[in-house]
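Excluded from the calculations below are hydrogen atoms, water molecules and symmetry mates; all remaining heavy atoms, backbone and side chain alike, are included. Quick note on labels: first sequence line is chain A, next is B, and so on, each numbered from 1.
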Amino acid sequence: MSMSMRKKRAIGGLVTYLMVIAAYLVCQYLLATGGMTRSLRGQLVPICVWVVMAVSLNLVVGVSGELSLGHAGFMSVGAFSGIVASGWMLGAFQLENEVVRLLLSMIVGGVFAGIAGVLIGIPVLRLRGDYLAIVTLAFGEIIRNVINCLYISIDQGRLHFAFNDSNIPGELLVSGPKGGVGIDTIATFGMGFTLILFTLFVVQNLVNSRSGRAIMATRDSRIAAESVGINITKYKMMAFVTSAVLAGMAGALYGLNFSTVAASKFKFDTSILVLVFVVLGGIGSIRGSIIAATLLTILPEVLRAFSDYRMLVYAVVLIVVMLATNSPFLSVRLQRVKALLRRRNTNPGKEGEAA
Amino acid sequence: MTQFLSYLCNGISLGSVYAIIALGYTMVYGIAKMLNFAHGDVIMIGAYIAFCAMQYWGFPPVISVLAAMVVCTVLGMVIERTAYKPLRQASSLAVLITAIGMSYLLQNVALLVWGANPKSFPSVVSLGSLSLLGGQMTISGEAIVTIAACVVIMIALTLFTGKTKMGKAMRVVSEDKGAAELMGINVNLTITVTFAIGSALAAIAGVLLCSAYPTLQPTTGAMPGIKAFTAAVFGGIGSIPGAMLGGILLGVIEILGKAYVSTELGDAFVFAVLIVVLLVKPAGLLGKTVHEKV
């Protein structure tokens, strides 16, 4: 890779960081001056969660080039293990410090989601294309189904697990179809912001590293990459598991933001929602994912009056964007416009002044 | 034993519905190499049309089913022409996401037109249930009609793809689009006809599904759609007998799993079987393994 391209990438990464930090400062300012409505304030943590979800899915879909339709499954593993970890730390060790507890819960959520990612990745990454997509979908549904039957309670600092049976001693932390109940809502916007920065750090460093280039090489041409000695399974796995860990951390943050969270929150539609963020933001573009996730999470709040048409608009926008960016009829025209602009940029003296 | 037989019968009946839906998926995949995620929602639209025809306009069931088939056929062709045709050369990811968008669009249009409240679907089958083994076991009229419809459709499709000019054209296009075009086959027309047939089958499947499980709402088609797709993959996507076999096996596994393992885990069971099959036979039960050429 040439030096100038590297420089460009580094500057691009820096811009993304600055954008996120600026957005955080603006939010803090608005919070301090009271310029933020109640409903919008409630959306701050979810926005952070969806941003992390989108960026981490982009690592699989954009950078690694594999379509995953089960990203919500990792989020739900993270959410429920995070909820249980938080309840356990409070019950067993009387850990009152909320920041420490939240941080540890997120780590636990990430670890469990990472384990799920390894277990799922081993079989899934042997498959290709549409088959891979359908198997990730299947895993997402299995995870949801299993959590739907799971009962976990805490009694005198000990965790009790049961399957399809709510008669366990102590206070229920996870109650089958009702999901997490009586959750201590300790998630904070500051932690969400920190998680976004952490995600950016991990993803951007991975993408710009030797491993990242290997991952992209397997995406662009599996056969060519294999022939120069790149271990395809290893690098695909790396992207998949990293993404799962980040989704798990986001899930834990999400779970600890509400007093109850049902497993049905993390169904197929949620995976698709995150995919929509990634696609609308531009597949492979991290900054695009952040912007799309933020705007599309705020949009329904702003468009409360039109909430009936919200998903309809979503659907239409999705189809139109896909047609506009992929149909040969339109892309030929786009290319021409781009070529025209490029010519102007390279010869600013002649045409730039004339224009 | 009779208990088991009646579960098996229910399973085959549900599986027949999956098989009819899966046929639509598999034909479209075979020919256009795309996952038509909106297929499940075409089922739902078909069921709503039949519901309206019977409840509001007072048509007899047979005419209602025909009306649903006509509407779904047109809908399928319109979807193909507007959303999928421009993306023939695009990556499969782009097409898949467009199909997901289309699925959302249909669901939300249905939500706006018919509302979110579930409607109770009247059965189109007036056949009484059949008593066997001296009354120990009954098979519902719906189950009999569903299984019969599935067999008839299967035979008709096999004859169609084997004997008719259009059917042969479909097979050629799915094998090699470029060569088919050189032989003077209208590829675009063939693909559109495939979508039309698949959508008409979806309408039949929708009516049969809702006759057996009579709650109709905008999301009715989503889960059967996903499962039927699973069935198509299970049997080997692109293969018509595979879709049939996959559908029926899946229905039986689901009902038996729900009856003997756990009611809540029925769906998980279905997906777990799919994963195991794909790991052992990545091309499905009856699918052809295609070797990659460099």
Can you name the closest pair of heavy atoms from B/Leu105 and A/Ala315 and give their distance?
N-CB, 3.4 Å
Leading residue by heavy atom contact count with chain A [cutoff under 4.5 Å; candidates B/Leu106, B/Thr230, B/Leu87]
B/Leu87
With rounding to the nearest 0.5 angstrom, report the CD1 to CD1 distance, B/Ile275 to A/Ile120.
8.0 Å
Between B/Leu111 and chain A, with a heavy-atom cut-off of 4.5 Å, which part of the residue counts as in contact: side chain, backbone, both or neither?
neither
What part of B/Val270 gets closer than 4.5 Å to chain A, counting heavy atoms only: side chain, backbone, both or neither?
neither
Taking C-beta and beyond as the side chain, do A/Leu69 and B/Phe37 meet within less than 4.5 Å on heavy atoms?
yes
How close do A/Leu323 and B/Ala83 get, counting heavy atoms only, and between which atoms?
CD2-O, 3.4 Å
For B/Ser103, which atoms come within 4.5 Å of any heavy atom of chain A: side chain, backbone, both, or neither?
neither
Max heavy-atom pair count under 4.5 Å with chain B, selected residue of A/Val61, A/Val316, A/Asp269, A/Ile142:
A/Ile142
Side chain, backbone, both or neither: which part of A/Val321 has a heavy atom under 4.5 Å from chain B?
neither
With a cut-off of 6.0 Å (strictly less than), are more than 12 heavy atoms of other residues, nucleotides or ligands near NZ of B/Lys33?
yes
Just give me the residue among A/Val124, A/Ile134, A/Leu67 that pairs up with chain B most often, heavy atom to heavy atom, under 4.5 Å.
A/Ile134
Which residue, B/Ile100, B/Val95, B/Leu96, B/Ile97, forms the side-chain contact (heavy atoms from CB on, under 4.5 Å) with A/Met322?
B/Ile97
Do the side chains of B/Tyr104 and A/Ile272 get nearer than 4.5 Å, heavy atoms only?
yes
The interface call for B/Phe269 against chain A, heavy-atom contacts under 4.5 Å, is neither
What do you reckon, is NZ of B/Lys119 surrounded by more than 12 foreign heavy atoms closer than 6.0 Å?
yes
Top of A/Leu137, A/Ile143, A/Asn145, A/Val135 for chain B proximity - count of heavy-atom pairs under 4.5 angstrom:
A/Asn145
Looking at A/Phe112, I want to see if its CZ is surrounded by more than 12 non-hydrogen atoms of other residues, nucleotides or ligands under 6.0 Å.
no
Using a 4.5 Å cut-off on heavy atoms from C-beta on, say whether the side chain of B/Lys227 contacts that of A/Glu141.
no
